[in-house]
S.K.: 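One structure coming up, written as structure tokens, with questions to follow.
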Amino acid sequence: MDQPAYRRVVVKLSGEYLAGSQSFGIDQPTIDRIAGDLTAARALGAEIAVVVGGGNIFRGVEVSSRGVSRPTGDTMGMLATVMNCLALEAALERRGQSARALSSFVMPEVCELFTRRAAHKYLAENRIVLLAGGTGNPYFTTDTTAVLRAAEIGAQAVLKATNVDGVYSADPKKDPSAKRFERLSHSQALEGGYKVMDATAFALARETSLPIIVFSIAEPDSIGAILRGTGRGTIVAS
């Protein structure tokens, strides 16, 4: 078998995507399909960690606009990512793929605390590692978490799964003339203000020289296609 294009990656999934066609919660067929894609991608030989957002359950920014303090709201959002990781862990295990959720928060009855040593251990055991709880701090998004954790565990790339097949100059669903980029530098992504990831994530990726590959998760086996070097996406790299 050919070696995957990246030996170790962090896949960033949006919480909203897990809701499927629903406005809230977890759509089981959707999470099962993603679990299947992750399992197939792992079979290519890559070590895979996953960061999942929590927007399908709770968004800290939204609730803080209704009177809850931002730190409290963000903490509630980070707890939502723990729930998503536990659901994805169960879906992976049902497929026979060993997985382990690691949280930024100390919650021993729920899942293990994230440490670099624990992440390296489980990746070496061919488990898919699910990185829950965001950074553990308010004011940081799960996009930033994905880049931070990728740098911490020595990943070679962040695979940012979205609803579109790359970075565009404008929203392609609203502007038919929007230009799709094959490649951007981190600085171009920052200066262009493209909304596919937040500025802090792009800045940290630039500082740590981590490439970000933006691709559509809507197509089956899209994660595996990126790892094989045949997938369609935008590479953001220095």
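Just so you know, these numbers use all the heavy atoms, side chains as well, and skip hydrogens, waters and symmetry mates. For reference, positions follow the sequence shown, starting with 1.
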S.K.: What closest approach, in Å, do I212 and K160 show between heavy atoms, and which atom pair accounts for it?
M.R.: CG2-CB, 4.1 Å
S.K.: Roughly how far, to the nearest 0.5 Å, is CG of L18 from CZ of R33?
M.R.: 10.5 Å
S.K.: As an exercise, state the distance from CE of M197 to NE2 of H186, rounded to the nearest 0.5 Å.
M.R.: 9.5 Å
S.K.: I need the R116 CZ to I153 CD1 distance, nearest 0.5 Å.
M.R.: 9.5 Å
S.K.: Under the salt bridge (Lys or Arg N to Asp or Glu O under 4.0 Å) definition, can you give me all pairs with a residue in residues 206-223, not counting sequence neighbours?
M.R.: D221-R228
S.K.: So does R117 have more than 12 non-hydrogen atoms from other groups sitting under 6.0 Å from CZ?
M.R.: no
S.K.: Let me see the working for T234 and I213 under side chain to side chain contact (heavy atoms under 4.5 Å, CB included), right down to the final yes or no.
M.R.: CA-CA 6 Å; T234 298; I213 296 89; over 6 Å; no
S.K.: Shortest non-hydrogen contact from A146 to V51?
M.R.: CA-CG2, 3.8 Å
S.K.: Consider only side-chain N and O atoms of T145 and T142, and report whether a donor and an acceptor are under 3.5 Å apart.
M.R.: no
S.K.: Please answer: with hydrophobic residues joined when any side-chain heavy atoms are less than 4.5 Å apart, are Y17 and V9 in the same cluster?
M.R.: yes
S.K.: side-chain hydrogen bond (donor to acceptor under 3.5 Å, both in side chains) between T141 and D143: does it pass, once the steps are laid out?
M.R.: CA-CA 5 Å; T141 67; D143 281 347; 4.7 Å; no
S.K.: Going by heavy atoms in the side chains, are I128 and Y122 under 4.5 Å from each other?
M.R.: no
S.K.: In this structure, is the centre-to-centre distance between the rings of F181 and Y194 below 6.0 Å?
M.R.: yes
S.K.: Which distance, rounded to the nearest 0.5 Å, do you find between the CD of Q156 and the OG of S209?
M.R.: 13.0 Å
S.K.: Side chains of E47 and H120: does their closest heavy-atom pair fall under 4.5 Å?
M.R.: no
S.K.: Report yes or no: does R100 contribute a side-chain atom to a donor-acceptor pair with the main-chain N or O of A118 at less than 3.5 Å?
M.R.: no
S.K.: With the threshold set at 4.0 Å, does a side-chain nitrogen-carboxylate oxygen contact exist between R95 and D32?
M.R.: no
S.K.: Can you give me every donor-acceptor pair (side chain of residues 77-88, partner residue at least two apart or in another chain, under 3.5 Å) with its distance?
M.R.:
residue : atom : partner : partner atom : Å
T81     : OG1  : M78     : O            : 2.6
T81     : OG1  : G133    : N            : 2.8
N84     : OD1  : N56     : ND2          : 3.1
N84     : ND2  : G53     : O            : 2.8
N84     : ND2  : N56     : OD1          : 2.7

S.K.: Determine, step by step, whether T75 and T72 satisfy the side-chain hydrogen bond (donor to acceptor under 3.5 Å, both in side chains) criterion, reporting the C-alpha distance in whole Å, the side-chain angles of both residues, the deciding distance to 0.1 Å, and the verdict.
M.R.: CA-CA 5 Å; T75 300; T72 299; over 6 Å; no
S.K.: Could you tell me the separation between the CD1 atom of I48 and the CG atom of L227, rounded to the nearest 0.5 Å?
M.R.: 5.5 Å
S.K.: Do F140 and D74 make a side-chain contact, defined as non-hydrogen atoms from C-beta onward lying under 4.5 Å apart?
M.R.: no
S.K.: Are V129 and V158 in one and the same hydrophobic cluster, where Ile, Leu, Val, Met, Phe, Trp and Tyr link if side-chain heavy atoms are under 4.5 Å apart?
M.R.: no
S.K.: Let me check something: do L190 and V214 share a hydrophobic cluster, defined by ILVMFWY side-chain heavy atoms less than 4.5 Å apart, either directly or through other members?
M.R.: yes
S.K.: Just do the side chain to side chain contact (heavy atoms under 4.5 Å, CB included) check on F105 and L113 with the steps written out, would you?
M.R.: CA-CA 6 Å; F105 298 103; L113 181 68; 5.9 Å; no
S.K.: Would you say V50 and V10 make side-chain contact, with heavy atoms under 4.5 Å?
M.R.: no
S.K.: Do R149 and F114 meet the cation-pi criteria used here (NZ or CZ under 6.0 Å from the six-membered ring centre, within 45° of the axis)?
M.R.: yes
S.K.: Main chain of S216, side chain of S222: is a donor-acceptor contact present, judged purely on distance under 3.5 Å?
M.R.: yes
S.K.: Tell me the closest heavy-atom pair linking A5 and G229, and the distance in Å.
M.R.: CB-N, 4.4 Å
S.K.: Any sub-3.5 Å donor-acceptor pair from E191's side-chain atoms to Q188's backbone N or O?
M.R.: no
S.K.: Supply the atom-to-atom distance R127 CZ to E89 CD, rounded to the nearest 0.5 angstrom.
M.R.: 9.0 Å
S.K.: Given side chains that start at C-beta, do those of R70 and Y139 come closer than 4.5 Å, heavy atoms only?
M.R.: yes
S.K.: Listed by chain and number, what are the side chain to side chain donor-acceptor pair (under 3.5 Å) partners of T208, not counting sequence neighbours?
M.R.: none
S.K.: Is there a chain of hydrophobic side chains (I, L, V, M, F, W, Y, each step under 4.5 Å between heavy atoms) that links I26 to V11?
M.R.: yes
S.K.: Check R180 with E182, please: is the shortest side-chain N to carboxylate O separation under 4.0 Å?
M.R.: yes
S.K.: Considering non-hydrogen atoms only, spot the tightest contact between A19 and D27 and give its length.
M.R.: O-CB, 3.4 Å
S.K.: Which residue, V147, L148, T144, forms the side chain to side chain contact (heavy atoms under 4.5 Å, CB included) with T200?
M.R.: T144
S.K.: Would you mind reporting whether L130 and V52 have side-chain heavy atoms less than 4.5 Å apart?
M.R.: no
S.K.: Please say yes or no: joined through hydrophobic side-chain contacts below 4.5 Å, possibly via intermediate residues, are L13 and L210 part of one cluster?
M.R.: no
S.K.: Got a donor-acceptor contact below 3.5 angstrom from the E112 side chain to the A101 backbone?
M.R.: no
S.K.: Does a side-chain heavy-atom distance below 4.5 Å link S103 with C111?
M.R.: yes
S.K.: What heavy-atom pair brings G73 and V68 nearest, and what distance separates the two atoms?
M.R.: N-CG1, 3.8 Å
S.K.: Indicate the atoms forming the closest heavy-atom contact of A178 with Y168, along with that distance.
M.R.: O-CD2, 3.9 Å
S.K.: So, do D165 and F215 sit near enough that their side-chain heavy atoms are less than 4.5 Å apart?
M.R.: no
